[in-house]
There are 2 protein chains.
Amino acid sequence: MKHFSELTPSAERVLDAAQSLLQQRGYSGFSIDDVAKDVGIRKPSVHHHFATKAELVATIVQRYAHRFEAELARIEAEQAAAPDRLAAYAGLFARTFADERRLCVCGMLGAEADALPAEVVLGVERFFAANVDWLARVIAHGQRNGLVRRKPGARELASMVFGALEGAMVLGRGMQTAAGPKEVGHTLLSLVLA
Amino acid sequence: MKHFSELTPSAERVLDAAQSLLQQRGYSGFSIDDVAKDVGIRKPSVHHHFATKAELVATIVQRYAHRFEAELARIEAEQAAAPDRLAAYAGLFARTFADERRLCVCGMLGAEADALPAEVVLGVERFFAANVDWLARVIAHGQRNGLVRRKPGARELASMVFGALEGAMVLGRGMQTAAGPKEVGHTLLSLVLA
DNA sequence: GTCTATATTGTGATAGAC
DNA sequence: GTCTATCACAATATAGAC
């Protein structure tokens, strides 16, 4: 598979359009032709950049995960205290959702996992693990400093926080009045602080 | 749309097979022919019971929501204390997930909402609202008795708990080592109790 | 990098017989 | 309630020209 950093500008436009469709409709819910129409080209031109749909989506996941991990690094650099890091983390989900109520790329794909090519599922697994690992580290740090409650372990809290934010995006789309990731982020924070 | 209580045994077999496929692969991820194959009949026989795919899935949602609400009523009858009711509630999600790592029907459909017929989305919205309403009532009751913490309001806690359990199912499929709804249920309970 | 044209398969849905 | 046969179209993907 191509690495996303070697993409031409045309390939990036294809990737952007496909990611948006993926976040709105899921892997099985959009076609190569949908992508082509959004970009303003024809189907075979999409295949010129990405031979198969699986490769296209695997590249989306790769780029998405890379960008996300860069955001995590930025948060750690900018925020020193665990509560501030957690608040900024929730903000990442809120920002994605604020843009046309888009779902997390990997949240969507995780739900569909059984219907996906193996190379896509692998990228999703890595993204999930990276998130839980990062959260567990931040939470453990906060627990040592007495800023985060100690009772459920760092890893249990991390899984719960990550899942709650992913779940909040799903609820937010299915239900107009539901709390989105922004509101759930606040609720989580007040529960998790010592 | 037909009501699920008037279904013939053959129609119920079709509905069962379709629901399983829906929970594993999503609305766009299974076809009428997939359903037919699982039941052991041909495509037109599926259409004989449900004229369109939209009607088939809308009926699944209707039946699923009805059964779920019956479970909620049973929990309220069997468990008097809010913490026990919440634990039993989380158990509903754990039980679904324990069966072949199936997703909640409406969790799956909520993620796909943008690609779905209106009659399906309407059923999903109703299911979400029923869950948050029920949880908010149970939590408010627990707050009055001093068994549930008072700080985030009942409705905020309810949205968070529901979303966390839905999210845990998504994580559980995408990531082998992740906490499923069972583990997340325990974490949630220990956070929410006073 | 993009196109037209095409192959192949899958899709939801219908007609009409048994 | 189920079937065969069929329709109209949409899907992923490829060949080969410009």
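By convention in this document, chain letters (A, B, ...) are assigned in the order of the sequence lines, proteins followed by strands, and residues within each chain are numbered from 1.
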Test side chain to side chain contact (heavy atoms under 4.5 Å, CB included) on Phe30(A) and Gln24(A) and set out the steps.
CA-CA 9 Å; Phe30(A) 78 96; Gln24(A) 301 288 0; over 6 Å; no
How far apart are the C-alpha atoms of Ile139(A) and Leu86(A), what are their side-chain angles, what is the distance that settles it, and do they pass the side chain to side chain contact (heavy atoms under 4.5 Å, CB included) test?
CA-CA 8 Å; Ile139(A) 288 171; Leu86(A) 293 174; 4.2 Å; yes
Would you check, one step at a time, whether the test side chain to side chain contact (heavy atoms under 4.5 Å, CB included) holds for Arg144(B) with His141(B)?
CA-CA 5 Å; Arg144(B) 281 194 300 275; His141(B) 172 241; 3.9 Å; yes
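Judged by distance alone, the side chain of Glu183(B) and the main-chain N or O of Gly180(B) form a donor-acceptor pair under 3.5 Å. Looking only at distances, a side-chain donor or acceptor of Arg150(A) sits under 3.5 Å from a matching main-chain atom of Gln143(A). Gln23(A) places no side-chain N or O within 3.5 Å of a backbone atom of Cys104(A) that could act as its donor or acceptor partner. Formation of a donor-acceptor pair under 3.5 Å by the Asp34(A) side chain with backbone atoms of Ser31(A) is found in this model. The closest donor-acceptor contact from the side chain of Arg155(A) to the backbone of Ala136(A) lies at 3.5 Å or more, if one exists at all. Listed for the Lys182(A) side chain is no donor-acceptor partner under 3.5 Å among the backbone atoms of Phe97(A). Side chain of Thr96(B) to main chain of Leu92(B): a donor-acceptor pair is present (N/O by atom type, distance under 3.5 Å, no hydrogens or angles). A distance-only check finds no donor-acceptor pair linking the side chain of Glu69(B) to the backbone of His66(B) [under 3.5 Å].
Protein chain A contacts DNA chain C over a range whose 5' and 3' limits, counting nucleotides with an atom under 4.0 angstrom from a non-hydrogen atom, are dG1(C) to dA5(C).
Near DNA chain D, meaning a heavy atom under 4.0 Å away, the residues from residues 30-38 of chain A are Phe30(A), Ser31(A), Ile32(A). In the region residues 7-21 of chain B, proximity to DNA chain D at under 4.0 angstrom, judged on heavy atoms, holds for Thr8(B), Ser10(B). A heavy-atom distance below 4.0 Å to DNA chain C is reached by these residues of residues 52-59 of chain B, ordered by number: Thr52(B), Lys53(B).
Residue pairs meeting the salt bridge (Lys or Arg N to Asp or Glu O under 4.0 Å) criterion with at least one partner in residues 96-120 of chain A, sequence neighbours excluded, are Asp99(A)-Arg102(A), Glu100(A)-Arg102(A), Asp114(A)-Arg173(B).
Regarding Arg42(A), its CZ atom lies at a distance of 17 Å from the C1' atom of dA13(D), rounded to whole Å.
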Would you write the dot-bracket representation of DNA chain D, where each base gets (, ), [, ], | or . depending on whether it forms a Watson-Crick or G-U pair under 3.5 Å and with which partner?
||||||||||.|||||||
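Phe127(B) and Tyr64(B) have tilted rings, their planes meeting at an angle from 30° to 60° on a 0 to 90° scale.
Salt bridge present: Asp16(B) and Arg63(B) bring a charged side-chain N and a carboxylate O closer than 4.0 Å.
To the nearest 0.5 Å, atom OG1 of residue Thr59(A) and atom CG of residue Leu15(A) are 6.5 Å apart.
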